Amino acid sequence: MAGIFDFAPAIVLLPFLSFLIAVGTALSGRDLLPKGGAIPGIAATAGSLVLSIAMAATVAGGEVYDATIYTWAVGAVPGAEAPLELTFGVLVDPLSSMMLVIVTLVALLVHVFSLGYMNDDGQTGLPRYYAGLGLFTASMLGFVVADNLLMAFMFFELVGLCSYLLIGFHFREPGPPSAAKKAFLVTRFGDYFFLIGVVAVFATFGTAQFAGTEAAPGFPALAEQALNGEFAANTFLGLGTQAWFTVVGLLVLGGVVGKSAQFPLHTWLPDAMEGPTPVSALIHAATMVAAGVYLVARMYGFYAVSPTALGVIALVGGFTALFAGTMGLVKRELKQVLAYSTISQYGYMMLALGAGGYVAATFHLLTHAFFKALLFLGAGSVILAMHHNENMWDMGGLKDKMPVTYYSFLAGSLALAGIFPFAGFWSKDEILFETLIHGLDGAPLLLLGYVFGLLAVPVTAFYTFRMVFLTFHGEARTAEAEDPVPVRWNVKGPLAVLGVLAAGAGVVNLAPVKYLTGLEVDFLHSWLDGGFTNLTVHHYAEIDPYSSAYIGGEVTTVLLGAAVSLGLALLGLALAYRLYAVPEPVEHTDKLGAAKDLLYDNYYQDEYQVYLANRVVLPLARAADTFDQSVVDGTVNAVSSVSLFSGRRVRRIQTGVVSNYAALVTLGLTVLLVLFGVLGGWLL
């Protein structure tokens, strides 16, 4: 198909080109580019953003694009009608085009912000930094447009590699390299399961294509056909089709849990704050952490055939939303609070996906990208002004000294807390609404997830505005807060753009307004329903407006759910205001005693994982090594020792003396003649 879609690969290649330019400069050891290599990165991401917007406009007109770019391996599969092809391809539909705009916009703003945060602060190694940003952006964009699961896995791993390089950017300090290794190892653990899941998909369906064609459909469509008896999928372990699909879905989910920092593989994300703050914004809002949730949304048609897998996703997400939020209540550093907030908000997205709220999850993915990027960049502005001091208790009184940062940060905070009418209110409430009605319609596991999600609402509002009041209100508590370093336009500009989006992005999907007025204002629903239907199919059926699942009817349920959620958010905000919006705040969480220690030390999850590694994994590894050395290698060595012993004995007759060989030949002939004579006489 000729047209704008022909330029789809350029969206990925432009940031990759900026990576090559920057890494060439870094390897040269000379300052060959202005601004440390920032300009190529800004130009590349701006070009990718323009192309992404053009793609989205074309998709809005009803066109979708799925094309193979390169076939890199072809192999015969026993019993299969067609050969197995491993390909690189591009899939542009409503979901991927929306994500392309998110990633390129946030990446562009992060590049611009870095001019103020990194360049103006005298940082060294800037070409290496911008090379990492370029490769990070290109890897995520490649993951977004991947048209098959194996290609997605490859870019998934590249995203992990880039996060390792950027988190450990300040490698001469002790903290960043350790945090980078932790992020790499924890996420790799989940990715082992993902890799097995990729192999299982190939073995089950003979293809890993997401969409495919009517003649050769992708694996989500094949899964649905298999359950309908139209396609004979390969199953293993003696499991039925439904059970096997659940196993495959949960294997892929291992990678999702690691990348999106869901319980129990969430522990890497708070430590990742050791990286530069702009990197944190990119990781949390539009790349690595978003990759896991996007993957579930991308292959949602497959997950929709497994109610068990969806139930696990919902329960993990709901629990994580509350679990991570509680840890944010007691943190002292700005970025630490935001890190646990990210874990919690992605828990909401997973809850929505498990509850059948495909649109609600992607809606929150959209709004969260804007307000979380805003909050991290706003935190970076504050940290820059505070001479890189991140402790909120050393701040205070910054509201009037940093008005642009304050008001944009406030917009992001209101969106995060779910306060009407900011963007986070609409997306969070749709998640809770979808979870509630499907739970009341006969899915008790979803009701438990709804309770977790609802309890997380006041927790989120409290830790968010505790952060706002401690940072910006009251009196300055240190000399740095008395006289903060002024920030320039390259810091304020991205904050202003994201502040507008955090306030108004909810207009793309005002679903509650549609319920109340009948007006077609849920644009995102219409948008996402315009792609490949087998990728966005819902497991949970549409509920009749007069169903008993609604409490007093559909409109009443919408109003009641929104009122309860908003009321709880306002309660958390009011409590934070009462305790911390004072000239001289004190740490009221100290009254929690041992409970505060438990929360501050992250429920001892790190210690627990170290204990498992030392007391369980290490002994098992040693036992396996002993078995390998003693039994497996021992058996092989025993067989080889027989051969070696025989060889040594036979070698003695190889003397090199001709007379010895003649004697041996004569002796051999004599023995043969005697044997033939004896045998011949016996036979006669």
Side-chain angles (χ1 to χ4, degrees), residues 9-52 100 103-143 155 158-173 176-177 180 272 274-288 373 376-377 380-381 383-384 388 487-495 497:
I11 296 176
V12 181
L13 293 176
L14 284 173
F16 185 73
L17 179 61
S18 74
F19 156 72
L20 293 178
I21 294 172
V23 80
T25 301
L27 292 175
S28 72
R30 293 179 292 173
D31 190 11
L32 301 177
L33 295 172
K35 303 294 184 181
I39 303 304
I42 292 173
T45 50
S48 294
L49 175 59
V50 171
L51 288 174
S52 298
L100 286 175
V103 175
T104 53
L105 176 59
V106 173
L108 174 60
L109 295 175
V110 166
H111 273 81
V112 174
F113 186 89
S114 296
L115 285 174
Y117 192 89
M118 302 292 290
N119 294 61
D120 292 351
D121 197 45
Q123 298 276 3
T124 58
L126 289 179
R128 177 167 53 88
Y129 171 79
Y130 286 110
L133 284 188
L135 185 59
F136 206 179
T137 304
S139 301
M140 186 63 189
L141 292 172
F143 172 74
F155 281 103
L158 267 178
V159 167
L161 172 64
C162 294
S163 69
Y164 166 79
L165 296 173
L166 287 169
I167 292 169
F169 175 72
H170 297 294
F171 62 90
R172 291 182 178 87
E173 301 173 11
E274 293 283 355
T277 301
V279 171
S280 299
L282 195 58
I283 288 175
H284 288 244
T287 54
M288 184 163 174
F376 266 107
L377 296 185
S381 176
I383 293 167
L384 193 62
H388 289 271
V487 294
R488 298 174 57 193
W489 67 269
N490 39 32
V491 171
K492 297 176 183 177
L495 296 181
V497 173

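These numbers come from a predicted model, not from an experiment.
Nearest approach of G275 to S280, heavy atoms of both residues: O-OG, 4.1 Å. Residues S163 and G160 come closest through the heavy atom pair OG-O, 2.6 Å. Considering every non-hydrogen atom in both G116 and L384, the closest pair reads O-CD2, 3.5 Å. Across every non-hydrogen atom of V103 and A286, the tightest pair is CG2-O, 3.3 Å. Considering all non-hydrogen atoms of both residues, V106 and A285 come closest at CG1-CB, 4.3 Å. Heavy-atom minimum distance, I167 versus P176: O-CB, 3.5 Å.
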From CA spacing to verdict: side-chain contact (heavy atoms from CB on, under 4.5 Å), V23, L135: CA-CA 10 Å; V23 80; L135 185 59; over 6 Å; no
Pair L282-L166, side-chain contact (heavy atoms from CB on, under 4.5 Å): steps then yes or no: CA-CA 10 Å; L282 195 58; L166 287 169; 5.5 Å; no
Could you go step by step and tell me if F113 and N490 meet the side-chain contact (heavy atoms from CB on, under 4.5 Å) rule? CA-CA 5 Å; F113 186 89; N490 39 32; over 6 Å; no
Decide yes or no on side-chain contact (heavy atoms from CB on, under 4.5 Å) for Y117 and H388, but give the supporting numbers first. CA-CA 10 Å; Y117 192 89; H388 289 271; 3.5 Å; yes
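Take S48 and apply the side-chain hydrogen bond (donor to acceptor under 3.5 Å, both in side chains) test, not counting sequence neighbours, and it matches no residue. Applying the side-chain hydrogen bond (donor to acceptor under 3.5 Å, both in side chains) criterion to Y129, with sequence neighbours excluded, gives S114.
Of the residues listed (L108, V112, L105, L109), the one engaging T45 in a side-chain contact (heavy atoms from CB on, under 4.5 Å) is L108, and it is the only one.
Interatomic distance, OH of Y130 versus CD1 of I42, reported as 6.5 Å (0.5 Å rounding). Taking CZ from F136 and CG from L158, the interatomic distance works out to 10.5 Å, rounded to the nearest 0.5 Å. Separation of atoms NZ (K492) and CG (L377) is listed at 15.0 Å; rounding is to 0.5 Å. Rounded to the nearest 0.5 angstrom, T287 OG1 and L133 CG are separated by 9.5 Å. M140 contributes atom CE, which lies 12.0 Å from atom CD1 of I283 (distance to the nearest 0.5 angstrom). Between the CD atom of E274 and the CZ atom of F169 there is a distance of 14.0 Å, given to the nearest 0.5 Å.
Counting heavy atoms of neighbouring residues, nucleotides and ligands inside a 6.0 Å radius, atom CZ of F19 exceeds 12 of them.
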